[in-house]
There are 2 protein chains.
Amino acid sequence: MLVAREPVTLRALATRVGTSTMAVYTHFDGMTGLWGAVRQEGFARLARRLADVAATDDPVRDLAALGAAYAATAIEHPALYRAMFDAVADLPDPEAAGAAFGVLVAAAGRALEAGRFRAADPAAVATRQWASGHGLILLVISDVLPRTALDEHAPALLTAIFSAAGDDPPRCAASVRAGWG
Amino acid sequence: MLVAREPVTLRALATRVGTSTMAVYTHFDGMTGLWGAVRQEGFARLARRLADVAATDDPVRDLAALGAAYAATAIEHPALYRAMFDAVADLPDPEAAGAAFGVLVAAAGRALEAGRFRAADPAAVATRQWASGHGLILLVISDVLPRTALDEHAPALLTAIFSAAGDDPPRCAASVRAGWG
DNA sequence: AGTGTGGCATAACGCTGCTATACATGGCGA
DNA sequence: TCGCCATGTATAGCAGCGTTATGCCACACT
């Protein structure tokens with residue numbers, strides 16, 4: 001899973017696109033601004049990917065599908081995913097990250113309304129799902145865990161979290177299996 | 001939670017300890033080797049902290065206590081924790097990380113023997129606990145989640161994971177509460 | 001006591017991100 | 001249509017980085 005991480009230098013980048021280093025300073029604000037734009041674009045793509053997950057009549061299935069889409073996005077571009085969270089605190093426009101999280105919260109809210117979750121805070125469920133997925137994904141793209149660990153542990157973790165939120169365990173497991181695909 | 005991250009340059013470091021830059025090349029192997037030694041020491045300390053957690057007659061409580069010790073270690077030195085996982089794949093001696101993980105697996109094994117977990121693979125339970133904690137901790141020390149999120153979500157996540165492993169939910173919650181302290 | 005070896009200070013090299021300056025090019029007003 | 005202004009780019013140079021080559025010094029061993 002570990003991909004070659006060439007240093008991404010300002011000069012190499014300028015030469016690559018056939019311009020001089022100054023272009024990076026006019027269009028972005030130096031390397032700092034460029035990395036900020038990269039992280040921003042990463043979260044924008046993530047939010048789009050999550051928003052593209054169609055809602056069904058099984059909100060728990062949807063939550064699992066969102067998790068799968070999230071993981072797929074991260075695995076497709078692991079270097080980008082790492083960069084996104086390298087300085088997520090000073091994102092130029094944090095709303096993009098908020099939008100991605102909001103999709104998760106909305107799905108958890110639908111699960112609550114549908115009676116699948118019992119008096120649980122949708123934001124808390126989404127946070128727990130997010131944190132678990134984040135950790136698992138990072139361990140995978142850091143070559144600590146093999147890539148197969150995702151399919152082995154993610155559904156189990158999601159089932160554990162959603163069941164703890166009140167869903168009926170067997171039904172929850174079925175929904176997660178369906179959503180994770 | 002975000003702490004000031006001065007660049008940690010070779011020159012500044014050499015001046016700080018009153019020597020020249022060459023010392024870093026004789027004792028370590030340049031900056032790369034030095035960072036490797038730092039990560040190594042980080043995992044060694046983590047393993048020691050986990051090994052110092054005394055086992056009780058409640059293995060689920062112990063698992064939660066291990067989680068709390070793990071989180072405390074990370075929160076005490078967030079920059080070190082980030083550095084540890086920055087290149088965990090090429091750790092000089094991976095056994096230190098393996099030892100830390102082994103403590104978790106052993107506790108999960110005791111929970112299985114004690115009949116608290118039902119036919120679950122101890123390593124799988126430990127992996128899920130580790131991944132979840134890792135993600136939650138990273139989000140906290142990256143200032144995505146407030147520090148209070150640890151006490152709010154970690155026990156809930158642990159209870160969810162251990163209950164899914166077969167433990168009786170109310171009893172599990174009590175054990176986690178006791179262990180998390 | 002003489003010799004050899006290991007470790008450190010010094011200086012220099014190539015690279016980095018960044019900035020100051022000069023030039024070119026495109027649009028707008030007279 | 002001509003001239004001017006402004007915007008963006010190329011060039012050159014700066015300080016800083018990690019790394020390496022060289023020379024020296026101090027300690028240990030015969």
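Just so it is clear: chains get the letters A, B, ... in the order the sequence lines come, proteins before strands, and each one is counted from 1. Since we're looking at a predicted model, the values are computed, not measured.
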Using 30° and 60° as the class limits, which term best fits the ring planes of A/Phe85 and A/His134: parallel, tilted or perpendicular?
tilted

Let's see if you get this right: which residues in residues 26-42 of chain A place a heavy atom under 4.0 Å from DNA chain D?
A/Thr26, A/His27

Should we count CG of B/Asp52 as having more than 12 external heavy atoms under 6.0 Å?
yes

SB check B/Asp58 B/Arg171 (cutoff 4.0 Å):
no

Can you give me the N/O atom pairs linking the protein to nucleotides 24-28 of chain C at distances under 3.5 Å, or say none if there are none?
none

Roughly how far apart are A/Leu104 CG and A/Asp62 CG, rounded to 0.5 Å?
11.0 Å

Under 4.0 Å protein heavy-atom contact, by nucleotide of nucleotides 20-29 of chain D - B base, S sugar-phosphate only
BB--------

Which heavy atom of B/Leu150 sits nearest to which heavy atom of B/Ala71, and what is that distance?
CD2-CB, 4.3 Å

As an exercise, state the distance from OG of B/Ser20 to CZ of B/Arg11, rounded to the nearest 0.5 Å.
10.5 Å

What class does the angle between the rings of B/Tyr81 and B/Tyr70 fall in, given that below 30° is parallel, 30 to 60° is tilted and above 60° is perpendicular?
perpendicular

Out of curiosity, A/Arg128 CZ to A/Phe162 CZ, how far, rounded to the nearest 0.5 Å?
11.5 Å

So if I take every side-chain heavy atom of A/Arg11 and compare against C/dT10, C/dG17, D/dT9, which nucleotide ends up nearest?
C/dG17

Measure CG/B/Leu10 against P/C/dA11 and give the value in whole Å, please.
17 Å

B/Leu80 side chain near B/Met84 side chain, heavy-atom distance below 4.5 Å:
yes

So does B/Thr9 get a side-chain nitrogen or oxygen closer than 4.0 Å to the phosphate oxygens (OP1/OP2) of D/dC17?
yes

What's the CG-C1' distance between B/Leu13 and D/dG16, to the nearest Å?
16 Å

Can you work out whether B/Ala23 or A/Val8 has the more 5'-proximal nearest nucleotide on DNA chain C?
B/Ala23

Is the shortest distance from a Lys or Arg side-chain nitrogen in B/Arg49 or B/Glu76 to a carboxylate oxygen in the other one below 4.0 Å?
yes

Using 0.5 Å steps for rounding, measure from the CG atom of A/Leu34 to the CZ atom of A/Phe28.
5.0 Å

